[in-house]
Amino acid sequence: MLKLASWNVNSLKIRLDQVLEWFDSERVDVLAMQETKLLDENFPMNAFIEKGYHVVFSGQKTYNGVAVISRYPLSDVLTDIPDFNDPQRRILVVTVAGIRLINLYVPNGSELTSDKYQYKLNWLQKVTTFIQQQMSIFPNLAVVGDFNIAPEDRDVHDPAEWAGSVLVSPAEREAFMQLLQLGLYDSFRNFIQDEQIFSWWDYRAAAFRRNRGLRIDHILLSKSLNALCRQSVIDKEPRKSERPSDHAPVWVELDLNVS
DNA sequence: ATGGCAATCTCTGATTGA
């Protein structure tokens, strides 16, 4: 079994000890992180290397930043969408354990009238083309990360309250559907899940305690990998800890033998 | 309708997130 996870850590500097503790105690094999918010020169690579883990990262100051840590070697790294000039560090692509892993921190979009929303839609279009190209090369492919899209109303605690906002707009949901139409599967929906399961809760207004959340962190799997998916889980426990990230980690278990 | 909380770099308040 291979346990593959994704977590928006909202500053790896603040969350380093929590990440290490969770990675170890949950016996995660591969963890894709978003919002590390660290320049590469400040990335705490020794904290992972001294434990024997493999690590790659693509960071920037204050905002964004993505990384992957793994018990297995990481190779064939990409840090940009080809033919798309973007200074923001939002994608990290690696090959690990025979899987092409695409780690995304999709832009938030701010609000529907914002330039950032247009940037988000354009970014999604560019990354979709890239993923399509990667899928033609790598049958075992996973697209994971903070998508900043709640795909359906059941992924939103109060759809009426959220109507007209980013994360739930028709254009964003259409972009998400286009990823599925490439032949990717939303692994969470492979299984019967409880209702009102989310991966993000606002820090404000006791949103976590009231379970006022959204499911915006996803693990999408190609058909051959999805056939090996035995579990897809959102782990709320780290969100309960002191000084938590506002996102919960998500993980899948894949019935793969890795040497 | 608004603000609420957290992280960052410091323009010690403004900006961003979702």
Side-chain angles (χ1 to χ4, degrees), chain A residues 6-19 32-44 57-67 86-91 103-124 127 144-176 188 196-219 234 236 238-250:
Chain A
S6 172
W7 195 0
N8 180 324
V9 298
N10 186 19
S11 167
L12 185 57
K13 183 179 176 182
I14 298 291
R15 231 67 66 193
L16 178 60
D17 289 347
Q18 280 186 49
V19 167
M33 289 179 278
Q34 305 85 37
E35 282 208 88
T36 55
K37 299 187 176 180
L38 288 171
L39 282 171
D40 288 351
E41 65 209 60
N42 296 330
F43 193 92
F57 42 84
S58 175
Q60 71 183 77
K61 197 161 79 169
T62 313
Y63 303 118
N64 308 320
V66 281
D86 185 9
Q88 301 191 26
R89 303 294 80 200
R90 295 183 174 278
I91 183 167
N103 175 17
L104 303 182
Y105 176 44
V106 176
N108 167 284
S110 189
E111 50 189 304
L112 300 189
T113 53
S114 166
D115 289 347
K116 291 175 183 172
Y117 181 69
Q118 292 306 318
Y119 166 69
K120 178 180 194 174
L121 295 179
N122 183 46
W123 195 95
L124 283 163
V127 84
V144 312
D146 177 358
F147 287 68
N148 272 320
I149 301 171
E152 300 177 60
D153 277 354
R154 60 177 166 166
D155 301 310
V156 179
H157 68 88
D158 186 341
E161 182 180 320
W162 276 86
S165 299
V166 289
L167 319 192
V168 304
S169 74
E172 291 164 82
R173 286 177 165 176
E174 178 61 28
F176 188 86
F188 189 73
Q196 304 283 111
I197 300 292
F198 308 120
S199 70
W200 169 85
W201 303 261
D202 201 306
Y203 283 120
R204 297 164 290 186
F208 182 66
R209 180 176 57 72
R210 300 156 70 195
N211 198 28
R212 292 169 53 85
L214 305 176
R215 190 177 72 94
I216 55 176
D217 300 86
H218 307 296
I219 296 180
I234 300 174
K236 283 178 75 168
R239 188 63 176 78
K240 301 173 183 171
S241 60
E242 210 171 311
R243 255 190 135 174
S245 168
D246 44 356
H247 293 254
V250 300

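Chain letters run A, B, ... following the sequence lines, proteins first, then strands; residues in each count from 1.
Read 5' to 3', the first and last nucleotides of DNA chain B with an atom closer than 4.0 Å to a heavy atom of chain A are B:dG4 to B:dA18.
Within the nucleic acid shown, A:Y105 comes within 4.0 Å of sugar-phosphate atoms alone, with no base atom in reach, counting heavy atoms only. Within 4.0 Å of A:R15, counting heavy atoms only, lie sugar-phosphate atoms of the nucleic acid but no base atom. If you check every strand for non-hydrogen atoms under 4.0 Å, A:N8 touches sugar and phosphate atoms only. As judged by a 4.0 angstrom heavy-atom cut-off over every strand, A:K120 is placed among residues making no nucleic acid contact.
Taking the C1' atoms as reference points, B:dA7 lies 14 Å from B:dT12, given to the whole Å. Comparing B:dG4 with B:dC9, their C1' atoms sit 23 Å apart, to the nearest whole Å. Between B:dA18 and B:dA6, the distance separating the two P atoms is 16 Å to the nearest Å. One P atom belongs to B:dT16, the other to B:dC11, and the distance between them is 15 Å to the nearest Å. With P as the reference atom, B:dA14 and B:dA1 are 25 Å apart, rounded to whole Å.
Residue-to-nucleotide proximity on DNA chain B shows that, of A:K116 and A:K37, the 5′-proximal contact is made by A:K37. Annotation: of the two residues near DNA chain B, A:R212 and A:S110, the 5′-most nearest-nucleotide partner is A:R212.
Of the residues in residues 147-168 of chain A, those with a non-hydrogen atom less than 4.0 angstrom from any atom of DNA chain B are A:N148, A:L167.
Between A:R173 and A:D153 there is a salt bridge, since at least one side-chain N of the basic residue sits less than 4.0 Å from a carboxylate O of the acidic one.
Screening A:D146, A:N8, A:N103 for a side-chain hydrogen bond (donor to acceptor under 3.5 Å, both in side chains) involving A:Q34 leaves a single residue, A:N103.
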